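Contents: one structure, followed by commentary.
Predicted model only: the values in this text are computed from it and were never measured. Lettering follows sequence order; numbering is per chain, from 1. Heavy atoms only: backbone and side chains are in, while hydrogens, waters and symmetry mates are out.
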Number of protein chains: 2
Amino acid sequence: MEAMDSDMGPFCPKYHRAVELIGRRWTGAILRALLSGVSRFSALCETVPGLSDRMLAERLKELEAEGIVTRTVLPETPVRVEYALTAKGRDLDSVIGAVSGWAERWEAVEAASKP
Amino acid sequence: MEAMDSDMGPFCPKYHRAVELIGRRWTGAILRALLSGVSRFSALCETVPGLSDRMLAERLKELEAEGIVTRTVLPETPVRVEYALTAKGRDLDSVIGAVSGWAERWEAVEAASKP
DNA sequence: TACAGTAACTTACCCAAAGTAAGTCATCGC
DNA sequence: GCGATGACTTACTTTGGGTAAGTTACTGTA
């Protein structure tokens, strides 16, 4: 008898926390890159145009604190660091997929309305 | 022979534009409120805790410019304004649903890890 | 052994975005 | 005329994001 689905009330704290976290600047792009297999710090930096190493470090730290990514230091030289998604992070593919789908469905409309 | 699905490459400009737009501060909460039927300016303001009228006005203007909401002035007195989602805006329910779903699935884990 | 190079950060500084508070405009009931 | 109301503006302060340079620890070259 419990309603486990999203309640769709006008305001939901859980949803709000989530959308403000993954909606922060650059975070969406970083998550997509991680989902498609990019894992090293420098590779992530090069993947997302306009993203600085300072911001990348800050966002990765946030995501690590939220249990969305793990950080692994490879003791090579020079030292390399790999970032990987946890189960919680991989589960965000549903969100990234939904955004991608929406963006694809409506891109034509956007492009048509601004000549 | 055309791949219409999201390509899931490491970076996608369409996805990026979309996630930076709907991920801006407050926008996710405003969209959810609109989706669940809240339509008047003051009602939106009261629905989202912490949202100021200044920010609400700014976000609604952006969403209107993107063709996601429409603005209708009701010539009553005092004047009332109703905001409604366009088809493009209503289609965001897939995104909001995905975020809500993720947030519900992982809330327990979050709560458990911070005593 | 000094030196340039590399990866992954830090620190320091600056500006644009977000937050707070107050003001505007038209209209109404009193 | 006077205060109240709804939907904003305008003005100002604070915070977060952007740019650039410095740091650490090793390594390969001269």
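Counting heavy atoms from C-beta outward, A:P49 and B:H16 have side chains that stay 4.5 Å or more apart. The side-chain heavy atoms of A:R24 and A:M55, taken from C-beta on, include no pair separated by under 4.5 Å.
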- prompt: Would A:I68 and A:L31 satisfy side chain to side chain contact (heavy atoms under 4.5 Å, CB included), going step by step from the backbone distance to the final call?
  reply: CA-CA 9 Å; A:I68 289 169; A:L31 289 171; 3.9 Å; yes
Exercise for review: Show the numbers, then the answer: is there a side chain to side chain contact (heavy atoms under 4.5 Å, CB included) between B:L56 and B:W26?
Suggested key: CA-CA 8 Å; B:L56 177 58; B:W26 303 115; over 6 Å; no
I'd like a table of atom pairs between the protein and nucleotides 3-5 of chain C - only N or O on both sides, under 3.5 Å - with the distance next to each one.
none

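Legend: residues meeting side chain to side chain contact (heavy atoms under 4.5 Å, CB included) with B:T86, ordered by chain and number and at least two apart, are B:T70, B:K88.
Within residues 45-64 of chain A, the residues that place at least one heavy atom under 4.0 Å from DNA chain C are, in residue-number order, A:D53, A:R54, A:A57, A:K61.
Put simply, CG on A:L44 is 9 Å from P on C:dA8, counting in whole angstrom units. Atom CZ of B:R80 and atom P of C:dA26 are 19 Å apart (whole Å). The nearest whole Å value for the distance from the CD atom in A:E76 to the C1' atom in C:dA7 is 11 Å. Rounded to an integer number of Å, the gap from CZ of A:R24 to P of C:dA18 is 11 Å.
Scanning DNA chain D 5' to 3' for nucleotides with an atom closer than 4.0 angstrom to a non-hydrogen atom of chain A gives a first and last hit of D:dG16 to D:dT27.
The stretch residues 50-60 of chain A participates, sequence neighbours left out, in these salt bridge (Lys or Arg N to Asp or Glu O under 4.0 Å) pairs: A:R54-A:E58, A:R59-A:E62.
Five base pairs at each end of the helix from C:dT1-D:dA30 to C:dC30-D:dG1 define two local axes, and these are offset by 20° (rounded to 10°).
A:Y15 places a side-chain N or O within donor-acceptor distance of the main-chain N or O of B:G28, the cut-off being under 3.5 Å. Formation of a donor-acceptor pair under 3.5 Å by the A:R32 side chain with backbone atoms of B:G9 is found in this model. Not a single donor-acceptor pair under 3.5 Å links the side chain of B:T27 to the backbone N or O of B:G23.
Nearest heavy atoms, A:A98 versus B:S94: CB-O, 3.8 Å. Of all non-hydrogen atoms in B:I30 and B:L44, the two that sit nearest each other are O-CD2, 4.4 Å.
When the side chains of ILVMFWY residues are joined at heavy-atom separations under 4.5 Å, either directly or via intervening members, A:L63 and A:V73 end up in a single hydrophobic cluster.
At a threshold of 4.0 Å, the pair B:K14-A:E107 counts as salt-bridged, since one of the basic side-chain nitrogens sits closer than that to a carboxylate oxygen.
Between A:R71 and the phosphate of C:dA8, there is no side-chain N or O to OP1/OP2 separation shorter than 4.0 Å.
Along DNA chain C, the nucleotide nearest B:W26 and the nucleotide nearest A:S42 are compared for position; the residue whose nucleotide lies closer to the 5' end is A:S42.
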